[in-house]
Amino acid sequence: MSDSPAVPGIEDLPEQMRIRRDKRAELLASGAEPYPLGAKRTHSLTEIRAKYAELATDTASGDKVSVTGRVMFMRNTGKLCFATLREGEGTELQAMLSLANVGEERLAAWKHLVDIGDQVAITGEVISSRRGELSVLADEWEMTSKALRPLPVAHKDMSEEMRVRQRYVDLIMRPAAQNTVRTRSAVVRSLREQFHERGFMEVETPMLQPIHGGASARPFATRSNAFDTDLFLRIAPELYLKRCVVGGLDKVFEINRNFRNEGSDSSHAPEFAMLEAYEAYGNYDTVAALVRDLVQGSARDVYGSTVVTHADGTEYDLGGQWREVTLFGAISEALGEEVMVRTPYETLKKYADRIELAVDPVWSAGQLAEEIFEELVVDNLRAPTFVRDYPVETSPLVRDHRTEPGLTEKWDLYALGVELGTGYSELVDPVVQRERFVQQARQAARGDDEAMRLDEDFLRAMEYGMPPLGGFGLGIDRLLMTLTGLGIRETILFPMLRPE
RNA sequence: GGGCCUCUAGCUCAAUGGCAGAGCUGCGGACUUUUAAUCCGUAGGUUCAGGGUUCGAGUCCCUGGGGGCCCA
């Protein structure tokens with residue numbers, strides 16, 4: 001605690017910030033505390049609003065209360081001052097300070113020392129103003145937290161950069177920003193509760209991993225000093241959750257962060273929340289039904305309906321059975337040419353050239369097919385759609401298709417043109433799994449830096465016997481995008497940006 | 001990784017190569033019922049950083065940085 005600011009170059013501060021620091025000093029000099037330990041508070045603003053909702057215009061309740069809030073609006077006139085207080089959840093209530101009630105000295109102090117953005121406590125009678133505004137007519141007021149920075153203008157949108165960099169200001173200024181956070185919290189809670197109702201157990205598996213695996217992506221690398229070893233931030237929890245299933249934890253899920261060392265755009269963030277779940281004796285059909293039920297259940301829990309209203313006012317329907325297409329069926333339809341898993345690379349390359357797709361020479365035929373799919377089809381998958389049956393060389397952790405050679409039992413779930421999640425009939429044969437890892441290692445050697453690494457301990461776990469298994473992953477941020485219609489940077493409270 | 005746009009007062013934005021401005025905010029004043037009050041007065045700037053062209057650069061050029069959009 002100090003009277004003198006520890007900020008270097010304090011004299012160089014913008015005028016408005018200097019003045020607010022001066023007001024803080026004046027409060028201290030007058031014996032008041034700009035940051036008191038607590039405040040007198042008998043009711044929340046929400047409680048006052050509820051309790052006096054019926055109070056008639058221009059009447060007094062006779063009830064004395066103490067309330068607190070941040071000053072969002074002020075109107076200082078000669079002998080009667082108005083201020084709009086807002087509390088955490090966004091409820092607002094008017095405070096009125098009249099010369100007759102607080103006296104000349106306290107009214108002058110209010111006008112001189114209180115700025116928009118300050119947090120104050122008001123004690124007085126609950127009344128309704130002449131205009132019918134529910135108010136607390138102050139007998140006394142106290143500063144509860146002096147703001148040293150001015151809030152942005154309330155009537156203009158903040159720039160996107162400021163909203164994201166200074167999310168705390170966004171949360172103060174924009175109730176919709178708080179709503180997004182609340183919605184996210186409610187969705188995650190709903191998912192957890194639904195899992196528990198179905199007998200799933202939540203586990204936490206390593207974020208720091210000696211070998212990154214479970215997905216195709218570039219990892220963040222870090223280092224343990226104590227163990228003198230390189231570590232990776234996980235790109236997926238998959239290989240550890242499967243170890244759990246080997247151990248007899250037959251129905252497990254995890255909701256936690258994954259990290260991928262890649263750029264960010266409207267649907268990608270380097271750090272993102274992932275749900276993964278595994279169900280012994282399940283397969284890609286059972287987990288497709290499961291993920292659909294979970295998403296629809298969370299929509300019902302949070303919005304009361306599987307038809308949700310997006311930020312732009314349009315309705316989006318998550319209800320009913322979701323459309324299912326096969327990967328190669330979708331490609332064939334988009335190209336107007338019959339494409340199968342056996343279609344040779346040269347033919348696919350010809351089609352890729354026709355649509356002017358830039359082809360990376362390290363891609364296999366299967367990868368090329370998936371790239372064509374992403375180029376031609378993905379944007380059009382607006383309604384929730386399962387895309388099924390992927391080529392084996394891009395699906396190293398997935399069981400071979402029960403009837404279609406060269407394909408695996410994998411689906412990707414798309415909505416609004418964005419991949420929401422993926423689900424498998426999991427590969428549980430350790431001998432085949434080892435072959436798949438070896439194939440991935442060959443791809444890595446060819447220059448594919450997203451190829452998976454061989455995880456010997458994971459194979460050892462598999463060799464003890466993994467039951468038939470269905471699993472899926474669902475991006476939490478992207479689920480929120482689907483439910484709200486917002487971009488990923490709005491669904492994440494503090495998305496990564498370059499340091500200022 | 002490539003292309004395009006953008007960065008000016010606390011915030012949102014103006015300014016043909018020629019005095020750096022407005023609204024809100026702030027400060028001082030008037031006003032006992034305001035809802036972005038009104039009125040009078042007033043303050044506030046390293047125009048992202050560095051370099052260049054020019055009599056003169058917020059503006060044109062180069063390099064670097066931040067942000068956004070599109071493409072890969």
Side-chain angles (χ1 to χ4, degrees), chain A residues 9 11-24 26 57-60 71-86 92-104 106-108 110-118 124-125 127-138 146-166 168-170 172-174 218 261-268 352 355-363 368 371-372 374-375 378-379 417 449 487-490 495-500:
Chain A
E11 304 79 10
D12 297 334
L13 282 177
E15 184 191 35
Q16 293 192 41
M17 285 170 60
R18 223 173 43 236
I19 288 166
R20 285 167 180 253
R21 278 176 166 74
D22 292 344
K23 290 177 178 177
R24 170 186 177 276
E26 281 185 57
T57 294
D58 199 18
T59 57
V71 177
M72 297 305 293
F73 175 84
M74 291 186 83
R75 176 111 309 117
N76 288 344
T77 68
K79 301 185 179 68
L80 181 64
C81 297
F82 300 87
T84 299
L85 306 185
R86 184 185 294 174
E92 295 188 339
L93 188 71
Q94 179 165 272
M96 295 169 64
L97 295 93
S98 83
L99 178 66
N101 292 64
V102 301
E104 195 171 331
R106 290 303 284 160
L107 188 67
W110 170 271
K111 287 197 259 189
H112 178 59
L113 294 173
V114 178
D115 292 299
I116 287 175
D118 291 352
E125 185 180 0
I127 65 160
S128 168
S129 77
R130 270 182 218 165
R131 298 291 175 89
E133 188 76 46
L134 188 63
S135 308
V136 175
L137 180 61
K146 178 71 197 168
L148 298 184
R149 289 175 184 269
L151 290 177
V153 182
H155 316 292
K156 294 280 189 178
D157 290 341
M158 278 178 281
S159 64
E160 187 177 340
E161 184 174 5
M162 181 165 179
R163 283 219 320 271
V164 175
R165 278 201 194 277
Q166 301 187 47
Y168 35 89
V169 180
D170 191 28
I172 291 169
M173 299 303 295
R174 224 168 38 96
R218 267 177 284 189
N261 205 341
E262 295 159 5
S264 60
D265 59 31
S266 56
S267 64
H268 295 78
I355 60 170
E356 296 179 341
L357 181 72
V359 176
D360 187 327
V362 308
W363 290 344
L368 185 50
E371 294 290 340
I372 293 171
E374 287 180 21
E375 175 72 15
V378 165
D379 283 348
D449 51 15
I488 200 167
R489 269 187 298 270
E490 298 300 319
M496 211 204 88
L497 290 175
R498 279 198 168 74
E500 285 178 89

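Just so it is clear: chains get the letters A, B, ... in the order the sequence lines come, proteins before strands, and each one is counted from 1. Quantities reported herein were computed from a predicted structural model and do not represent experimental measurements.
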Problem - Pairwise P distance for rA15(B) and rG51(B), with rounding to whole Å - result: 27 Å
Problem - R106(A) side, atom CZ; N101(A) side, atom CG - distance, nearest 0.5 Å - result: 14.0 Å
Handout entry: Main-chain N/O of L148(A) paired with K23(A) side-chain donor or acceptor, under 3.5 Å
Key = no
Exercise for the section: Among rG66(B), rG68(B), rA72(B), find the nucleotide with the atom closest to the side chain of E161(A). Expected result: rG66(B)
Practice task
Answer yes or no: is there a side-chain heavy-atom contact under 4.5 Å between K79(A) and S98(A)?
Solution key: no
Practice task
Just name whichever nucleotide pairs with rC55(B), Watson-Crick or G-U, keeping both distances under 3.5 Å, else none.
Solution key: rG18(B)
Problem - Nearest listed nucleotide, side chain of M96(A), among rU33(B), rU32(B), rA72(B) - result: rU33(B)
Handout entry: Who pairs with rG45(B) - Watson-Crick or G-U, where each distance is under 3.5 Å
Key = none
Exercise for the section: Can you figure out which of rG10(B), rU12(B), rG66(B) approaches the side chain of R165(A) most closely? Expected result: rG66(B)
Handout entry: Check: D115(A) and P150(A) side chains under 4.5 Å, non-hydrogen atoms
Key = no
Handout entry: Whole-Å P distance, rG50(B) and rU25(B)
Key = 33 Å
Practice task
Could you tell me whether the side chain of K111(A) and the main chain of C81(A) form a donor-acceptor pair under 3.5 Å?
Solution key: no
Exercise for the section: Give a yes/no on whether any side-chain N or O of K79(A) is located under 4.0 angstrom from OP1 or OP2 of rU32(B). Expected result: yes
Fill in the blank from the handout: Ranking rG67(B), rG10(B), rU33(B) by distance to the side chain of P14(A), first place goes to rG10(B)
Handout entry: Closest nucleotide among rG67(B), rA36(B), rA72(B) to the H155(A) side chain
Key = rA36(B)
Problem - Rounded C1' spacing from rC62(B) to rG23(B) in Å - result: 36 Å
Problem - Side chain of T77(A) (C-beta onward), nearest among rG66(B), rC31(B), rC11(B) - result: rC31(B)
Practice task
Evaluate whether atom NZ of K156(A) has more than 12 neighbouring non-hydrogen atoms of other residues, nucleotides or ligands under 6.0 angstrom away.
Solution key: no
Fill in the blank from the handout: M173(A) CE to rC24(B) P, in whole Å, measures 16 Å
Exercise for the section: Return no unless some side-chain N or O of R489(A) is found under 4.0 Å from OP1 or OP2 of rG68(B). Expected result: yes
Set out, line by line, the N/O atom pairs under 3.5 Å between protein and nucleotides 26-30 of chain B.
unit_1: rG26(B); atom_1: O4'; unit_2: Q16(A); atom_2: OE1; d: 3.4
unit_1: rC27(B); atom_1: OP1; unit_2: K23(A); atom_2: NZ; d: 2.1
unit_1: rC27(B); atom_1: OP1; unit_2: D115(A); atom_2: OD1; d: 3.4
unit_1: rG28(B); atom_1: OP1; unit_2: H112(A); atom_2: ND1; d: 3.3

Handout entry: Pair assignment for rG1(B), Watson-Crick or G-U wobble, requiring both distances under 3.5 Å
Key = rC71(B)
Problem - Atom C1', compared across rU16(B) and rC11(B): separation rounded to whole Å - result: 28 Å
Problem - Presence of R174(A) side-chain N/O under 4.0 Å of rC11(B) phosphate oxygens OP1/OP2 - result: no
Problem - C1' atoms of rG44(B) and rA20(B), separation to the nearest Å - result: 13 Å
Problem - Base paired to rC11(B) (Watson-Crick or G-U; both N/O distances under 3.5 angstrom) - result: rG23(B)
Handout entry: Student check: side-chain heavy atoms of R149(A) and Q16(A) closer than 4.5 Å
Key = no
Exercise for the section: Hey, which sits more toward the 5' end of RNA chain B by its nearest nucleotide, T84(A) or K156(A)? Expected result: K156(A)
Handout entry: Gap in Å between the two C1' atoms, one belonging to rC48(B) and one to rG67(B), rounded
Key = 11 Å
Problem - Rounded distance in Å between the P positions of rG18(B) and rG10(B) - result: 25 Å
Practice task
Please state the P separation for the pair rA22(B) and rU42(B) - nearest whole angstrom.
Solution key: 12 Å
Completion exercise
Per atom distances to the L99(A) side chain, the nearest of rU35(B), rG68(B), rU32(B) is rU32(B)
Practice task
By nearest nucleotide on RNA chain B, pick out whichever of E356(A) and G78(A) is the more 5' one.
Solution key: G78(A)
Exercise for the section: For T57(A) and R130(A), indicate whether the former's side chain and the latter's backbone hold a donor-acceptor pair under 3.5 Å. Expected result: no
Handout entry: Residues D157(A) and R174(A) bridged, charged N to O under 4.0 Å
Key = no
